[in-house]
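Lettering of chains follows the sequences in order, A, B, ..., and the numbering in each one begins at 1. Keep in mind that what you see is a predicted model, and the values were worked out from it rather than measured.
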Amino acid sequence: MAKPTKQQTEPQHNPSINLKGTLIAVMLLGVFILATWFGCYYLFLSR
Amino acid sequence: MMNPLKIAKKDARLYMSFMYVTFAALLVGGLMGLLQTLARSGKFTLPFGINYYTILTVHGVILGLVLTTFFIIGFQFALMGKTVGISDKQRKTGWWSFWLMLAGTVMAAITILVGQANVLYTFYAPLRAHPAFYIGLALVIVGSWVAVFTNFHQLYVWKKANKGQKSPLLAFMVVINMAMWFIASLGVAASVLIQFIPWSLGYAETINVLLSRTLFWYFGHPLVYFWLLPAYMAWYAIIPKIIGGKLFSDSLARMSFILLLMFSIPVGFHHQLTEPGIDPTWKFIQVVLTFMVVIPTLMTAFSIFATFETTGRRKGHKGLFGWFKHLPWKDVRFLAPFIGMVAFIPGGAGGIVNASHQMNSLIHNTIWVTGHFHLTVATTVILTYFGIAYWLVPHLTGRRLTPRLNKLGIIQAIIWTVGMTIMSTAMHIQGLLGGPRRSNFSNYAGGEQVQTWIGYQAAQAIGGTILFIGIVLMVYIFIQLAFFAPKGVEEFPIAEEEVDAEPTPKVLENWYLWIGITIALILFAYTIPVFDILKHSPPGSVPFDWPIGRQ
Amino acid sequence: MHLHKFEKIWLVFGMGSLALFLVIIGFAAFWKGTHPQSHIEIIDPENVEAHESFKPENLGLREVAEGKYIVNIVASAFNYDFGTDTDGKPVKKIRVPKGSTVLFQITTKDVVHGFQVAGTNVNMMVEPGHVSRLETEMKNVGEFTVVCNEYCGIGHHQMFATVEVYE
């Protein structure tokens, strides 16, 4: 896991921002896309 | 950012006119959807000898073309009026666009209802509809063009009055969407004016079927982005305000809209992957371009979550997902679009599968595709439109979204979610099992395989019934907001930038550059294959009236 | 334009996934030859019999080599013409052994039709003036319904046939 303190030192025009939750959320979304696609591809190959 | 303007009563009347047609279309088109799912369950027969394919055509045309186009143009006019203003002259052309579109709609609708145009909304040459159907649709498109140029003119006038300033984000987005719509609808207009109308009137003996399909799908895919972009406008620039936050990034929002403009159009072949007359290499090139259009959506997904998280953290919500728990779940202006966003996850993932070249044969023309776009347009897009209507309609009519109507809205969103989950899931599964779309109930050869489909068709009828209840409730809420809700002031929420936001690069407003690239991409993707289609064209097709029940 | 570090990670991941999909389907299409059907062969829709494959006597199933078959079909509203059997009755069902390679060739005399052997990857648009063609290995045993999956008129849902794959 990234260290939250590192966030502060990063050059940011936008103040704050801890976006760890966002990263996890979009990554879950990405995994869902991969799973759907490979699931369908497997079905395609098996037919 | 400039201060938003006030919407005058006479302007509000124009914007509301589009809304009345939208919700009337919702009721009519929704009823047709209900009848379809009931008929296809095999448990009901349609009364009065109504043809299944007539209601299928009505459903597609009324919801896919009429509801969407009217809502979008009305909403976009309101956005323009709010951000850059509207002159008396522009309002007048706005009314022209409304009446042209309405006249065209009525003309096409009557032709369909009397059974003279059972050709579905994707036309299906060489099935021939009555010329009034094509002429009506042409009027709808011409009317929309009047709106396109009115919107362009609105921004142009504002730019001249505010030299050197960047355009308001929402006005920029509207102009992008209208630019895309105009460029794309040239294809279908060419097909209707040059191919279909002369042929349906008997002046041309035959029609080039493949060319007509190619021109249609050149328009048909950007059409779905034309529906989606107003939802993105709300997600980027309105939802942040509703949840009490700020714009995540003005530049990124503009960048993603520019990418959507560039990559929405040169991708129509992914609807034609299993057609025999197109070179597979060109199909694959358009598949690659189709995948490019996913990128701005990936950016959008990040931007939405980031807006939520930033807003929540600023309010002091702790933990990895504390911000998520504290989103305004009880505000229907947020909840309905949020459900729409969630639906776009399976919707988008399914879309990538659909566009995957040879893998398309897994699902092409199966009811999976119907399930797919009932997630994307009939959930993501429509729930966001509903979410907009909850504040836009009372704002325009000088009324308020009362707590009671808000609660009804939440119930509506939940009914929709339940109904659509049942219907769309059943459609996806039945599609993978090979069940076709656009088909009346049938036992086919009566084999075991067909038996596995029937249960899913029953589930679709259940889901469709629940959805229709949701539609009736939505129309009730609309009527309340338009005519009966207590007088008051409802906010027109527009998110602001952070005080210290990074300045937006000027290049993002270089219209010549972006439209130039868009046209270059279209020429690249279409010139050679269309030339091939013309060079290798078979003898044209004469019109067929009887297979669709026309005398 | 400033991108948050996490957004960069996400975009690299997302675009990487898309690129991976494209590499897989591109490899399969260009190196293994599994493009969707696209033969760009044209035909006169009002005279399909002029084409060798669609002469009435050549319609239906034919074994051309050990385990290799060709099926010729003419579609029209609302029927698939697989030719006639020895009694002169129209063929509505064809049978092939598992593992055989079957080349489906189909065209239409009138409007646009679909040809899907439901539950397999045989899924083609059939358009007037064009020949649709797809070769496939029948991997799985079963009775597969052929459905017209592209709207062709009031009898669209009554247009079907059967392909049986036996052990």
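- The aromatic rings of A:W37 and C:F21 lie parallel to each other, with less than 30° between the two planes, well short of the 60° mark.
- The minimum heavy-atom distance linking C:N140 with A:R47 is given by the pair ND2-CA, 3.9 Å.
- Interface remark: A:T22 contributes no atoms to any contact with chain C (heavy atom separation under 4.5 Å).
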For this session: Could you give me the CA-CA distance, side-chain angles and deciding distance for C:F13 and A:V26, then say whether side-chain contact (heavy atoms from CB on, under 4.5 Å) is met?
Result: CA-CA 10 Å; C:F13 177 83; A:V26 287; over 6 Å; no

For this session: Apply the test side-chain contact (heavy atoms from CB on, under 4.5 Å) to residues A:F38 and C:I24: give CA-CA distance (whole Å), side-chain angles for both, the deciding distance (0.1 Å), then the verdict.
Result: CA-CA 10 Å; A:F38 280 103; C:I24 292 171; 3.7 Å; yes

For this session: Decide yes or no on side-chain contact (heavy atoms from CB on, under 4.5 Å) for A:L23 and C:E7, but give the supporting numbers first.
Result: CA-CA 8 Å; A:L23 181 66; C:E7 180 156 18; over 6 Å; no

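- Smallest separation of non-hydrogen atoms from A:Y41 and C:A28: OH-CB, 4.1 Å.
- At a heavy-atom separation below 4.5 angstrom, chain A is approached by no residue within residues 103-115 of chain C.
- Each salt bridge (Lys or Arg N to Asp or Glu O under 4.0 Å) pair with one or both residues in residues 121-141 of chain C, not counting sequence neighbours, appears once here: B:R213-C:E127, C:E41-C:R133, C:K68-C:E135.
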